[in-house]
Amino acid sequence: MKILKLSIWMIGIALISSSCELLNPQPKSPVEAQATTMDDISILPEPMYTEAGGSSFIIFDALSVLSNPSQEKNQNALISGLEERVGFAPELIENNRDYQIALSIEPLSEEALGNTANEALLDEAYVLEISEKNILLKAATDEGLFRGIQSLLQLVPSESLTEGEQEVYVLPTLKIVDMPQMEIRSAMLDVARHFFSVDEVKRYINQLALYKYNTFHMHLTDDQGWRVEMKNWPALTEIGAATEVGGGAGGFYTQEEFTELINYAADRHIEIIPEIDMPGHTNAAIVSYPQLNGNGKTPEVYTGTNVGFSTFDANNEEVYAFLDDILGQFAAISPSKYIHIGGDESHVTKKKDYIKFVERVEALVRKHGKVAIGWDEITQADISGPAVVQLWNNEKNALVGVEKGMPILLSPAKKAYLDMKYNEDSEFGLNWAAYIELENAYNWNPSTYFSDLDPSVILGLEAPLWSETIYDSASLEYLAFPRAIAYAELAWSQTDNYNWERFKSKLKSHGSWLEKQDINFYRSTEIDW
Ligand code: TNX
């Protein structure tokens, strides 16, 4: 009797455990774990802290992603990113398995992250642990997980280690603890000199997200074009948007399309900062509404590349009424804390008018609940609100801003301008500030470049891409890549981790991925592609 009871009991256990196995199969890897080293860990930008595990995690088609209902967007980004790289989509599973990727929202230990006080940096932190069996990605926020997913995807090699019919990919085991050095890691695109379509802009935003950019500054207005529909001011798009450098048709975004771009970027944890450049660089607005004109000449449409000839009239209340409405419309559709007011190269605005204008416009930005950013000239004005100075050209101006307590966004043209040619042979670009080969783009320290700034005043690094010479994704990508990856590392990675030799070797192994994505990058001879 006892024996019968025991065997029924044992059969029961066997049934339970076999059904458990069905629910929770333990996939068997088609290949043995491989030995790996630091050289197999290639992430752009370089993480804060990396510990090599020495072994490997083998990706094959039984890989699963553990469902986390709060992480639908990140899960989709992970699954589709993996599918692009390995050719199959891992299954989403409900219960823990022994061969899975898990995304977890949890507070990260201070011990791991040091004692940084900047919440914005902590929000982007993540910890990635890859063991032979599982991958665990932890962060305190959705944004942190998104940044970590980019690192994980870059660890998937472009070549599979093919086993019979089965494609397998070898990832190094490791532990990474990562967070950014700078709060703003930005790229700017000038859509005014040449218009870029919604799809072209999305393509660039998507590329920037891979390298952990979190800000996309759009230069939306200039002498050659006004690029966003404005309610109440139809001529801005009927007349002001119909031109571009070289005489092409130009174009503009409807407010719905602009919102679509904002949302597309936000899904990738990138914030769009809109720029209305003024009081100079305003010919397109002035030909649309000549009452705004302050240079005394009859306005005509402009499709050349000179700068500094146009200005709003700083002594006309109609100009401020116009700007109140325009800035209000931007404040209403743009979730960013910032509105960029330009302020550069206003060569035909009298100095006293310039100062008055910048002070009035900054107050309007503040009235609409936003913080003004301006090119370094704006520090000539006595701005009373919080505002940010963007260094592009005049270091003295920028330092005046810092003395006035303004945080600084670094974009020195000689180092960080994506529209500068690489060398004399570059197909696109300008050279008024410098030739910027890849090593020049990478090998400098933004924090000490022009003055020993207290790191707490540096808000971030931005790489602007002016579009006098570029007009489509291919020409854009030629100037942006690979330099945008260099700037991503300078802005994200800790200064101690800047390393040109390592950067070169990481970029070399990354080249096939750039190719696979059809990015028209410049094949710098400094890299042994
Ligand atoms: C200077 S940078 C400008 C732009 C040009 C750029 C070309 C800045 C604030 N102003 O208007 O497009 O040079 O490199």
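Only a predicted model underlies this, so the values are computations on that prediction, with no experimental measurement involved. Just follow the structure's listing: the first ligand is 1, and inside any ligand the first atom is 1.
In summary, the atoms of ligand 1 found under 4.0 Å from a heavy atom of Met420, numbered by their order in the structure, are 14 (O). Residue-ligand proximity, Asp419 to ligand 1, at heavy-atom distances under 4.0 Å covers atoms 7 (C), 14 (O). Under a 4.0 Å criterion applied to the non-hydrogen atoms of Leu430, ligand 1 contributes the atoms 7 (C), 14 (O). Short contacts between ligand 1 and Glu468, defined as distances under 4.0 Å to a heavy atom of the residue, involve ligand atoms 5 (C), 7 (C), 12 (O). Less than 4.0 angstrom separates some heavy atom of His281 from each of these atoms of ligand 1: 11 (O). With ligand atoms numbered from 1 in the order given, ligand 1 contributes 1 (C), 3 (C), 4 (C), 10 (N), 11 (O) to contacts under 4.0 Å with heavy atoms of Glu345.
Classification of Lys506 and Glu46 as a salt-bridged pair holds, one side-chain N sitting under 4.0 Å from a carboxylate O. A salt bridge does not link Arg227 to Glu275: none of the charged side-chain nitrogens sits closer than 4.0 Å to a carboxylate oxygen. A salt bridge links Lys231 and Glu229; the closest N-O separation between the charged side-chain nitrogens and carboxylate oxygens is under 4.0 Å. Salt bridge status for Glu317 with Arg360: present, with a side-chain N to carboxylate O gap under 4.0 Å.
For atom 11 (O) of ligand 1, the nearest non-hydrogen atom of the protein is Arg193 NH2, 2.9 Å. When only non-hydrogen protein atoms are considered, atom 2 (S) of ligand 1 lies nearest to Tyr417 OH, 2.3 Å.
Surrounding NZ of Lys73 are at most 12 heavy atoms belonging to other residues, nucleotides or ligands under 6.0 Å away.
Where the criterion is an N or O separation shorter than 3.5 Å, residue side chain and backbone included, Trp432 meets it with respect to ligand 1. Considering backbone and side-chain atoms alike, Asp222 places every N or O at 3.5 Å or more from each N or O of ligand 1.
Evaluation of the side chain to side chain donor-acceptor pair (under 3.5 Å) rule for Glu143 yields Arg147 as partners, not counting sequence neighbours. Under the rule for a salt bridge (charged side-chain N to carboxylate O under 4.0 Å, His left out), the partners of Arg203 that lie at least two apart in sequence or sit in another chain are Glu477.
Under a 4.0 Å heavy-atom criterion, Gln390 is not in contact with ligand 1.
Nearest residue to atom 9 (C) of ligand 1 from Val245, Asp344, Asp277, Thr305 is Asp344 (criterion: closest heavy atom).
Arg193 pairs with exactly one of Asp277, Asp223, Asp222, Asp419 by the salt bridge (Lys or Arg N to Asp or Glu O under 4.0 Å) rule, that one being Asp222.
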